[in-house]
Amino acid sequence: MKQVPEKLLQPYNAQEIEPGLYKTWEDSGYFNPDNLPGERKEAFTVVMPPPNANGSLHAGHALFVTIQDILIRYHRMNGKNALWLPGSDHAGFETQVVYEKKLEKEGRSRFDMKREDLYKEILDFTLSNKSFMEGQLRQLGASCDWSRSLFTLDERVIKTVYNTFSKLNEDGLLYRGKRIVNWCPKHQTSLSNLETSHVTRKDPFYYFKYGPFTIGTVRPETKFGDKYVVMHPDDARYKEFAHGQKITVEWINGPIEATIIKDETSDPEFGTGVMTITPWHSGVDFDIAKRHNLDMEQIIDERGKLLPVAGEFAGMNIKDARAKIVEKLESKGLLVKTDTEYSHEVSVCYKCEREIEPQVKAQWFVTMKPLAEKAVSALDKGEFRILTDQHEKVFRHWMGNVQDWNISRQIVWGIPIPAKICDACDKGFVDIAGEKASCESCGGQLRQEADTFDTWFSSGQWPLTTTGFPDGDDFKKFYPTAVMETAADILFFWVARMVMFGLYLTNEVPFKDIYLHGLVRDAHGKKMSKSKGNVISPLEVSNEYGTDALRMGLIVNNAPGVDMNLDPKKVGAYKKFANKIWNATRFVLEKTTDYEESDTAFTKEDQELYDAWIVVKNDITSDLENYRLHLASEKIYDYFWKTFCDSIIETRKTRILEDKEKTSAQKLLLILLREQLIVLHPFMPFITEEIWKDIKREDDEMLLVTRW
RNA sequence: GGGCGAUUAGCUCAGUUGGUAGAGCAGCGCAUUUACACUGCGAAGGUCGGGGGUUCGAAUCCCUCAUCGCCCACCA
């Protein structure tokens with residue numbers, strides 16, 4: 001007679017069991033595919049989106065851990081060479097912003113610090129958060145190969161990034177150019193378009209007399225340098241004026257000579273159809289000025305203050321200056337009217353929400369069009385898939401409209417751009433080895449480029465660096481990877497760039513499938529935010545209900561690509577499920593203490609039940625192969641509870657008590673429990689592994705590596 | 001300005017290739033020496049946003065209207 005383990009007499013307690021089990025798995029070495037038992041030919045590789053090493057894991061992290069861990073565990077059990085590559089992200093601008101906030105609280109400022117001191121401080125901060133973050137990944141059950149973990153500032157990463165930078169240069173896909181960039185006056189750096197967001201704002205729209213014209217503007221404070229007046233060439237109202245004609249107009253600080261420019265981008269329907277332009281501080285104006293080879297002059301400095309060109313207004317903050325300038329123009333009789341109902345979209349820094357001040361700056365740009373075309377063509381040819389169709393459409397749309405990418409950042413926390421700038425002619429030269437001394441163009445003295453890379457420039461090469469591109473063993477074995485699973489909101493930031501860089505450097509898309517998940521919201525579908533106070537910490541939920549329950553709460557019924565709600569009540573339901581599994585196990589073990597494994601045949605009815613289970617299992621397997629985790633998880637939950645517990649156990653119960661075809665019933669219960677534990681394991685790894693200890697046969701390995 | 005999506009039970013959401021609807025939570029009735037009250041049994045609850053079309057058959061495909069949301073974009 002076998003004994004029922006004592007532990008099963010108590011309700012299931014996840015907190016007691018989970019940490020120890022994780023350690024057992026980790027110590028087994030099976031997270032590393034090199035140690036996996038049995039012959040495994042095919043690789044299944046997932047590169048983990050490296051969490052930012054600047055804080056605690058949030059619900060979105062818990063979701064990706066759940067999805068990716070389910071996939072990895074399933075494929076590992078299914079005989080694949082399963083590799084999940086973890087990492088941690090220095091997260092350039094993101095982390096610098098976090099650290100600057102910390103400095104502010106301490107009454108310090110990055111602008112009073114030496115470059116190297118600031119870098120050192122952020123590095124220490126990041127490294128200490130890194131191990132904290134890794135502990136949280138372990139709590140969530142992530143079965144990733146820690147021996148291959150990579151940090152985004154590791155030497156290998158930098159080497160690859162530099163090589164790519166150099167290759168782009170050689171291939172003519174890199175240039176340093178004076179362009180209009182998104183300048184954040186608070187963070188004192190340029191930002192890519194993706195790092196700006198847009199808000200609708202209602203601002204007064206002023207009409208001013210400008211010589212014979214009336215011009216419209218919302219930004220009078222930029223108007224000091226406006227010596228060009230632009231209208232559409234076909235606008236009949238202004239046909240008496242010729243392109244290039246010069247007129248003298250009375251303006252803010254006295255008369256100026258203005259030149260008439262006819263340009264087709266001027267919209268005759270907008271305002272009066274006439275505008276003056278400020279090429280240094282507006283993208284549209286910059287393009288017009290470029291087209292006609294016009295002078296450009298900086299009016300506003302990097303901190304948002306007016307330069308000497310503003311005369312009496314010099315040194316004023318543009319916010320305060322606007323009203324004063326309007327006042328002055330009005331006193332000179334130049335204000336025609338003000339439209340107070342005008343509303344428009346303005347760009348703001350996505351971190352501090354300060355208005356972006358466009359500035360002309362020399363920055364490094366990557367020419368995107370050829371890279372994007374290659375990506376779209378690979379998609380057309382079916383070289384990779386994007387789940388869902390919706391995201392594929394969005395991906396195509398973005399690729400079709402992609403603009404050159406500003407990869408220069410004026411921040412310390414990042415990978416330095418390996419280049420030199422000429423003091424005399426301001427030209428930039430790629431210099432990986434750091435050996436260039438004088439300007440190739442004018443012979444002037446060179447100085448080190450002070451800017452760092454946009455963090456996504458290096459992240460975009462992450463599947464390459466983690467697998468050891470170009471000649472590492474892992475690269476041959478594990479690249480291209482199986483699936484990139486990440487948040488839909490970094491489709492452009494990250495996924496698109498990985499596709500492009502992968503194709504550019506290896507001629508292969510770095511992953512066969514792209515699986516995008518939506519935002520994790522609170523129980524009522526509200527976006528989580530500190531200010532709303534509705535942030536749900538996945539670690540706290542895990543502490544309360546167990547990680548297995550959290551994982552089920554995150555995956556059941558949550559369709560790919562769609563925003564989902566995390567409801568602690570729902571997680572509670574899966575805590576009950578864990579207990580249900582626990583108790584069913586106790587029952588099965590209690591009723592089979594006298595059962596000896598033998599060739600006992602099933603009765604016809606028991607065989608049918610078993611066959612019906614195989615149908616369910618195959619269905620779940622197919623769901624897992626096709627990323628329908630939300631359905632697979634629901635099906636195993638439903639089968640275990642409704643079919644196995646409520647129906648099969650209940651009906652076999654009396655047969656065992658009354659000793660009617662008892663051994664067939666016992667065999668069915670044991671086999672179904674065993675097989676369900678296998679199927680449940682990817683979803684609820686902890687409780688299943690714990691129970692497995694008491695169910696497994698002598699030769700069985702731990703459930704982690706038991707064959708599906 | 002351009003693009004994408006949503007609308008299904010009181011709430012939050014699933015519904016894989018078209019075969020007349022499911023889960024969790026909430027709520028209702030019954031059961032307490034039961035493997036499990038972190039339970040069981042039962043019942044209730046939806047004209048799948050409105051309208052039109054295709055089809056033997058539509059929550060699912062097409063058109064249209066309404067409402068809500070998201071993303072991209074150089075701010076006259």
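Chain A is the first sequence line, chain B the second, and so forth, proteins listed ahead of strands; every chain is numbered from 1. Values below: every heavy atom of this structure, side chains too, minus hydrogens, waters and symmetry copies.
- Contact of Gln390(A) with A6(B) (side chain to base): no donor-acceptor pair of N or O atoms is detected under 3.5 Å.
- A salt bridge links Lys7(A) to Glu690(A): at least one charged side-chain nitrogen sits closer than 4.0 Å to a carboxylate oxygen.
- When each of Lys569(A) and Asn583(A) is assigned the nucleotide of RNA chain B with its nearest heavy atom, Lys569(A) is the one assigned upstream, toward the 5' end.
- Between Val274(A) and Tyr574(A), the residue anchored nearer the 5' end of RNA chain B, judged by the nucleotide with its closest heavy atom, is Tyr574(A).
- Trp641(A) has a side-chain polar atom (N or O) that falls below the 4.0 Å cut-off from OP1 or OP2 of G40(B).
- As a whole-Å value, the separation of Lys635(A) NZ from G22(B) C1' is 12 Å.
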Check residues 647-657 of chain A and write down every donor-acceptor pair under 3.5 Å in which the side-chain atom is one partner and the other belongs to a residue at least two apart or another chain.
from	atom 1	to	atom 2	distance (Å)
Glu650(A)	OE1	Lys653(A)	NZ	3.2
Glu650(A)	OE2	Lys653(A)	NZ	3.3
Thr651(A)	OG1	Ser647(A)	O	2.7
Thr651(A)	OG1	Ile648(A)	O	3.0
Arg652(A)	NH1	Asp606(A)	OD1	2.4
Arg652(A)	NH2	Glu605(A)	OE2	3.4
Thr654(A)	OG1	Thr651(A)	O	3.2
Arg655(A)	NE	Lys660(A)	O	3.2
Arg655(A)	NH1	Asp606(A)	OD1	3.2
Arg655(A)	NH2	Asp606(A)	OD2	2.7
Arg655(A)	NH2	Glu661(A)	O	3.0

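- Of the charged side-chain nitrogens involved, none lies within less than 4.0 Å of a carboxylate oxygen, so that Asp404(A) and Lys369(A) do not count as a salt-bridged pair.
- Rounding to whole angstrom units, NE2 of residue His397(A) and C1' of A73(B) are separated by 9 Å.
- A salt bridge does not link Glu221(A) with Lys319(A): none of the charged nitrogens is closer than 4.0 Å to a carboxylate oxygen.
- In the set A73(B), C4(B), A35(B), the nucleotide with an atom closest to the side chain of Lys393(A) is C4(B).
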### Summary
Annotated structure of RNA chain B as dot-bracket, pair cut-off 3.5 Å, Watson-Crick or G-U only, | for inter-strand, is (((((((..((((.....[..))))..((((.......))))......(((((..]....))))))))))))....

